[in-house]
Amino acid sequence: MTAVIRGWLILAAAVAIVWASGTLFHAMQEREPIYPGAGVTRIAALSDYVPSLRGTAADTPVYMLEGRQPGPTLLLFGGTHPQEVSGVLAAVIVVENVQVERGRLIVIPHSNQSGFTYTEPLEAFPHDFEIPGASGARRFRLGMRLTNPLDQWPDPDIYVHYPSKEPLIGSEARNLNRAYPGRADGRYTERLAHAVLTLARQEKVNVVLDMHEAYPEYPIINMIVAHERAFEIGTMTAVALQARGIAMNIMASPKNLHGLSHREFGDHTQAQALLSETANPGMGRFRGRTDATLIVEGKDDNYVAAAKLKRLFVPFDASGHPLSSRVARQIATIEELLNAYNDANAEAGFKLSGLPEYDAVRTKGLGAFLASAR
């Protein structure tokens, strides 16, 4: 082979690699579609509350489901950590199915949109996964826990939380759930946190639920974490879930840990703030092959072995922790939280329809409650 031919082959290979990389990069920047149901009365954006976000990667849709009768307001968001997918899917299902008769739901499925545009290097995470449905599959991005470095860089050696001055490792500067209450002139992630908190203030939100996931070897799992002003309704929610055979425990928000939604929304808005955690085996250090099947089916032999060695904080057998069961747990938590708020408040409470039943989501699968791809 002559040097000229070898050179052309190397050039062609380089062009192919650049083209493939560019195609993947472009696909990762595209936002996955959400198909608002009949209950969505209008779609706003974070930039409606903080105009400086307009045109930036931080701007994200805010879905308003407003009842004809006045009542309280729940702010529900997923995607704070985009690889914690049960919260994202639960928020999408609410947007596509629920209708509110009294009160309001405000839903942000992709709270940190930047985190959906990449996956963690060297961890072999898939870029997306599919949920099968009767009319075809819906594709969803997996994403990463932190803001994309393309949107915020470099990390400081030490991240100092504002305004508490609590020191954290530098990469936590890109963690939305360490950035609240945020600040208008801060880093990207702080400005995003400031915008979400500003929305809660301006809309006079009564209850906040931030939906998360954690790995099975993490102690705060299948858990509701509640600010002290929300501890009563959080406890009522956990007890109601346990009575239904849905294991969810209750934990008080630590007063000395700052930046987290359940702490800062409770301290800096009128809302009662809570956070929910379900078990995601696709995130942990014990996991085996990391692919879209693990994300959706939640089965992993390594975790079965770890459970036998009593190294986990949730049961784990061959059936695993499927995404459908985790989303069902988030939706049941929403249902019982609304019931608890209504029981604890004398004034007219929430009234809505279309929220899928826990058993139906687990048995029929997520595709039964997702709009067909258009």
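Position 1 is the first residue of the sequence; numbering continues from there. The analysis underlying the following values was restricted to heavy atoms, covering all of them including side chains, and did not include hydrogens, waters or symmetry mates.
Here the two rings, on Phe313 and Tyr218, have centers that are 6.0 Å apart or farther.
Remark: Arg68 pairs with no residue by the side-chain hydrogen bond (donor to acceptor under 3.5 Å, both in side chains) rule, at least two apart or across chains. With sequence neighbours excluded, no residue forms a side-chain hydrogen bond (donor to acceptor under 3.5 Å, both in side chains) with Arg187. Contacts of Arg287 classified as salt bridge (charged side-chain N to carboxylate O under 4.0 Å, His left out), with partners at least two apart in sequence or in another chain: Glu123. Here Glu228 pairs with Arg263 under the salt bridge (charged side-chain N to carboxylate O under 4.0 Å, His left out) rule; sequence neighbours left out.
Using modelled atom types and a 3.5 Å distance limit, the side chains of His110 and Asn112 yield no donor-acceptor pair. Donor-acceptor pairing under 3.5 Å is lacking for the side chains of Ser114 and Thr147. Under 3.5 Å, the side chains of Tyr49 and Glu203 contain a donor-acceptor pair of N or O atoms. Between the side chains of Ser86 and Gln330, at least one donor-acceptor pair of N or O atoms lies under 3.5 Å. Neither side chain, Asn280 nor Gln83, offers a donor N or O lying under 3.5 Å from an acceptor on the other. Inspection of the Tyr341 and Gln272 side chains reveals no N or O donor paired with an N or O acceptor under 3.5 Å. Using a 3.5 Å distance cut-off with no hydrogens or angles, the side chains of Glu84 and His212 do pair a donor with an acceptor. With hydrogens and angles left out, the side-chain atoms of Thr333 and Ser276 include no donor and acceptor closer than 3.5 Å. Counted by atom type alone, Asp210 and Thr80 present one or more donor-acceptor pairs between their side chains at under 3.5 Å. With hydrogens and angles left out, the side-chain atoms of His81 and Asn175 include a donor and acceptor closer than 3.5 Å.
A donor-acceptor contact shorter than 3.5 Å links the side chain of Gln270 to the backbone of Lys204. Side-chain atoms of Thr198 come within 3.5 Å of backbone atoms of His194 as a donor-acceptor pair (strictly under, hydrogens ignored). Looking at Arg329, its side chain never comes within 3.5 Å of a backbone N or O of Asn222 through a donor-acceptor pair. Not one N or O on the side chain of Glu66 forms a donor-acceptor pair closer than 3.5 Å with the backbone of Gly103. Formation of a donor-acceptor pair under 3.5 Å by the Asn177 side chain with backbone atoms of Leu260 is not found in this model.
Using a cut-off of 4.0 Å between Lys/Arg side-chain N and Asp/Glu carboxylate O, Arg54 and Asp59 are scored as not salt-bridged. Using a 4.0 Å cut-off between a side-chain N of Lys or Arg and a carboxylate O of Asp or Glu, Arg178 and Glu166 do not qualify as a salt bridge.
Between Ala318 and Val304 the shortest heavy-atom distance is N-CG2, 4.0 Å. When all heavy atoms are compared, the tightest approach of Phe316 to Gly298 is CZ-O, 3.4 Å. Contact between Leu142 and Pro126 at its shortest, heavy atoms only, is CD2-O, 3.2 Å. Here the shortest heavy-atom pairing between Ala57 and Gln113 reads O-CB, 3.6 Å. Shown here for Gly78 and Ala91, the closest heavy-atom pair between the two residues is N-CB, 4.4 Å. Minimum heavy-atom separation, Met248 to Ala238: O-CB, 3.6 Å.
If you chain together hydrophobic residues whose side chains sit under 4.5 Å apart, Val95 and Val208 never meet in one group. A single hydrophobic cluster is not seen to contain both Ile106 and Leu74; linkage of ILVMFWY side chains at heavy-atom distances under 4.5 Å, directly or through other members, places them apart. Hydrophobic clustering, with ILVMFWY side chains joined whenever heavy atoms are under 4.5 angstrom apart, keeps Trp153 apart from Leu168. Hydrophobic clustering (ILVMFWY, side-chain heavy atoms < 4.5 Å, transitive): Leu337 and Phe77 are in distinct clusters. Leu46 and Leu65 fall into different hydrophobic clusters, where Ile, Leu, Val, Met, Phe, Trp and Tyr side chains are chained together by heavy-atom contacts under 4.5 Å.
Between Tyr63 and Pro109, the closest side-chain pair of non-hydrogen atoms falls below 4.5 Å. Counting heavy atoms from C-beta outward, Ile224 and Leu275 have side chains that stay 4.5 Å or more apart. Counting heavy atoms from C-beta outward, Leu146 and Leu176 have side chains that stay 4.5 Å or more apart. Residues Phe369 and Ile331 form no side-chain contact, since every pair of their non-hydrogen atoms from C-beta on lies 4.5 Å or further apart.
A distance of 6.0 Å separates CG in Asp155 from OG in Ser171, rounded to the nearest 0.5 Å.
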Would you please test Lys364 and Glu357 for salt bridge (Lys or Arg N to Asp or Glu O under 4.0 Å) and show each step?
CA-CA 10 Å; Lys364 294 182 180 180; Glu357 292 289 336; over 6 Å; no
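Under the salt bridge (charged side-chain N to carboxylate O under 4.0 Å, His left out) criterion, the residue pairs touching residues 92-102 are Glu96-Arg138, Glu101-Lys351, with sequence neighbours excluded. Evaluation of the salt bridge (charged side-chain N to carboxylate O under 4.0 Å, His left out) test over residues 305-328, restricted to residues two or more places apart or in two chains, returns Glu213-Arg326.
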